[in-house]
Amino acid sequence: MDTKKKIVVIGSSNTDMVIKSDRLPKPGETILGGNFLMNHGGKGANQAVAAARLGGNVTFICKIGNDIFGNETLEMFHKEKIDTTYVGITPKEPSGVALINVDKKGENCIVVASGANGTLSVDDIQHAESAIKQASIVIMQLETPIESVTYAAKMAKRDGITVILNPAPAPTHQLPDDLLANVDILIPNVTEAEIISGMHITDDESAKEVIRYISSKGIKTVIITMGAKGALAYENNEFIHIPAFKVEAVDTTAAGDTFCGGLCVALSEGKNLKDAIIFASKASSISVTRMGAQVSIPLRKEIQ
């Protein structure tokens with residue numbers, strides 16, 4: 001019997017289809033000679049896989065379609081030893097797909113068809129209530145309906161479970177106060193923090209002002225991930241800055257998701273916030289040295 005504290009991830013699952021070419025096509029233009037890659041992705045799935053590979057006891061709540069992409073994704077979850085009891089299969093929508101075109105300079109254009117991710121409902125969250133009640137941590141993102149995210153946060157908070165929100169992709173409007181009021185730990189990047197606060201980050205002091213503002217919404221702990229500048233956290237009226245590990249970055253895809261998954265694992269094992277951020281930063285720094293989303297996420301033994 002696994003006695004490790006449970007981590008519940010609620011979120012999206014996509015299949016990323018990537019074409020790398022010398023340049024991006026103009027409207028109406030067809031370019032030949034690209035290289036094709038297909039990877040498992042979606043922020044929720046990335047975080048679930050990261051937490052599982054880094055040693056967490058993970059249950060994933062999501063929706064996939066009854067199609068080849070959904071079937072392959074489900075098989076992958078099983079290989080990663082993720083509890084898929086609450087991975088719902090819907091015949092109404094296809095599995096989520098992201099079409100990504102990347103040029104030789106690393107510039108890209110992306111179109112996402114959310115598909116089944118958009119059907120993750122309050123009823124689905126209610127169906128998974130027993131799993132949520134057994135968790136020590138629930139983590140969510142913003143690639144599924146905000147109503148379901150808010151409902152899950154309220155449910156978990158009511159039972160004293162640590163609620164973590166990674167507000168990504170960057171919200172297009174202000175997040176509901178009743179969502180933020182039920183979040184214990186918020187993990188935005190710089191862009192997401194600026195949108196949530198309505199303030200700009202130009203240096204360390206402005207970053208601290210943004211964090212103080214976000215914290216005033218009732219959030220106990222705020223961690224801004226700042227890429228090569230590391231992470232700045234705020235808890236119990238104290239700031240903690242963890243510098244980034246210096247590596248040669250190849251592809252930053254899923255770096256933030258790896259950080260989030262790693263943080264959940266470390267906190268579920270009883271590490272304090274500083275040590276948890278260091279653990280998560282190590283995992284994230286390894287991921288950026290590799291191409292792709294989930295294929296770049298390291299194993300626990302690589303951190304050690």
Side-chain angles (χ1 to χ4, degrees), residues 1-13 40 42-64 73-89 120-141 143-144 148-166 179 182-187 220-221 223 254 256-273 275-277 279-280 283 294 297-301 303-304:
M1 182 178 178
D2 197 335
T3 59
K4 290 184 290 186
K5 292 182 179 179
K6 293 183 182 296
I7 299 166
V8 169
V9 182
I10 303 173
S12 59
S13 176
H40 295 294
K43 288 194 164 295
N46 292 345
Q47 293 177 17
V49 169
R53 286 188 189 166
L54 294 170
N57 180 355
V58 180
T59 296
F60 188 31
I61 300 170
C62 74
K63 293 292 278 294
I64 57 177
T73 296
L74 195 57
E75 183 178 343
M76 179 274 295
F77 292 152
H78 292 155
K79 288 179 179 178
E80 298 288 351
K81 296 182 171 56
I82 294 170
D83 182 351
T84 61
T85 303
Y86 301 100
V87 173
I89 301 175
L120 186 68
S121 66
V122 168
D123 287 344
D124 294 316
I125 304 301
Q126 290 174 335
H127 178 62
E129 183 173 5
S130 61
I132 293 171
K133 284 179 175 291
Q134 293 172 24
S136 65
I137 292 171
V138 171
I139 182 167
M140 298 171 286
Q141 322 76 35
E143 287 187 328
T144 51
S148 302
V149 173
T150 302
Y151 184 86
K154 290 179 179 178
M155 176 191 289
K157 183 77 169 182
R158 185 182 64 226
D159 290 318
I161 297 155
T162 298
V163 178
I164 301 179
L165 178 64
N166 172 221
L179 168 58
N182 287 286
V183 171
D184 295 295
I185 303 175
L186 190 77
I187 312 176
K220 176 184 173 185
T221 305
I223 306 169
D257 296 329
T258 302
F259 180 94
C260 290
L263 189 86
C264 289
V265 171
L267 292 176
S268 76
E269 294 176 351
K271 288 184 172 63
N272 62 36
L273 183 64
D275 289 343
I277 293 173
F279 179 87
Q294 289 171 28
I297 297 171
L299 298 169
R300 176 69 172 246
K301 63 183 179 182
I303 308 299
Q304 297 169 327

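Please read all numbers here as calculations on a predicted model, not as lab measurements.
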Does any part of the side chain of Met76, heavy atoms only, come nearer than 4.5 Å to the side chain of Lys79, both counted from C-beta? no
Does a side-chain heavy-atom distance below 4.5 Å link Asp257 with Val49? no
For Lys133 and Ile161 the tightest heavy-atom approach is CA-CD1, 3.8 Å
Calculate, to the nearest 0.5 Å, the distance between atoms OG and CZ belonging to Ser13 and Phe60 respectively. 5.5 Å
Determine the minimum heavy-atom distance between Ala48 and Val9, stating which atoms define it. CA-CG2, 3.9 Å
Nearest atoms (heavy-atom pairs only) where Gly11 meets Cys62: O-CB, 3.2 Å
Kindly give the heavy-atom pair with the smallest separation between Ser268 and Ile7, and that separation in Å. OG-CD1, 3.9 Å
Would you say that Thr258 contacts Pro298 through its side chain, given a criterion of any heavy-atom pair below 4.5 Å between the two side chains? yes
Apply the side-chain contact (heavy atoms from CB on, under 4.5 Å) test between Ile185 and each candidate in Ile223, Val163, Asn166; give the one that qualifies. Ile223
Are any of the side-chain heavy atoms of Leu120 and Ile61 separated by less than 4.5 Å? yes
For side-chain contact (heavy atoms from CB on, under 4.5 Å), just list the numbers for Val265 and Arg300, CA-CA rounded to whole Å, side-chain angles, deciding distance to a tenth of an Å, and then say yes or no. CA-CA 10 Å; Val265 171; Arg300 176 69 172 246; 3.7 Å; yes
Testing the 3.5 Å rule here: is there a donor-acceptor pair between the side chains of Asp83 and Thr85? yes
Within the 4.5 Å heavy-atom criterion, are Ile132 and Ile10 side-chain neighbours or not? yes
Nearest 0.5 Å, what's the NE2-CZ distance between His40 and Phe77? 8.0 Å
Does any part of the side chain of His127, heavy atoms only, come nearer than 4.5 Å to the side chain of Asp124, both counted from C-beta? no
Taking C-beta and beyond as the side chain, do Ile82 and Val87 meet within less than 4.5 Å on heavy atoms? no
Which atom of Ser130 lies closest to which atom of Tyr86, heavy atoms considered: OG-OH, 3.1 Å
Inter-residue atom distance Ser148.OG - Met140.CE, 0.5 Å rounding: 10.0 Å
Would you indicate whether the side-chain heavy atoms of Thr59 and Gln134 approach each other to under 4.5 Å? no
Can you tell me if Thr162 uses its side chain to pair, donor with acceptor, with the backbone of Ile137 under 3.5 Å? no
Nearest 0.5 Å, what's the SG-NZ distance between Cys264 and Lys6? 15.0 Å
Measure the spacing between CD1 of Ile164 and CD of Gln141 and express it to the nearest 0.5 Å. 11.0 Å
Say whether, by atom type as modelled, one donor and one acceptor occur between the side chain of Ser136 and the main chain of Lys5 under 3.5 angstrom. no
For Phe259, ring-ring contact (aromatic ring centres under 6.0 Å, His included) partners two or more places apart: none
Tell me the closest heavy-atom pair linking Cys260 and Gln47, and the distance in Å. CB-CD, 3.8 Å
Main-chain N/O of Lys220 paired with Asp184 side-chain donor or acceptor, under 3.5 Å: no
Got a second to check how far Leu186's CG is from Leu165's CG, nearest 0.5 Å? 5.5 Å
Under the 3.5 angstrom rule, does the side chain of Glu143 hit a backbone N or O of Lys43 as a donor-acceptor pair? yes
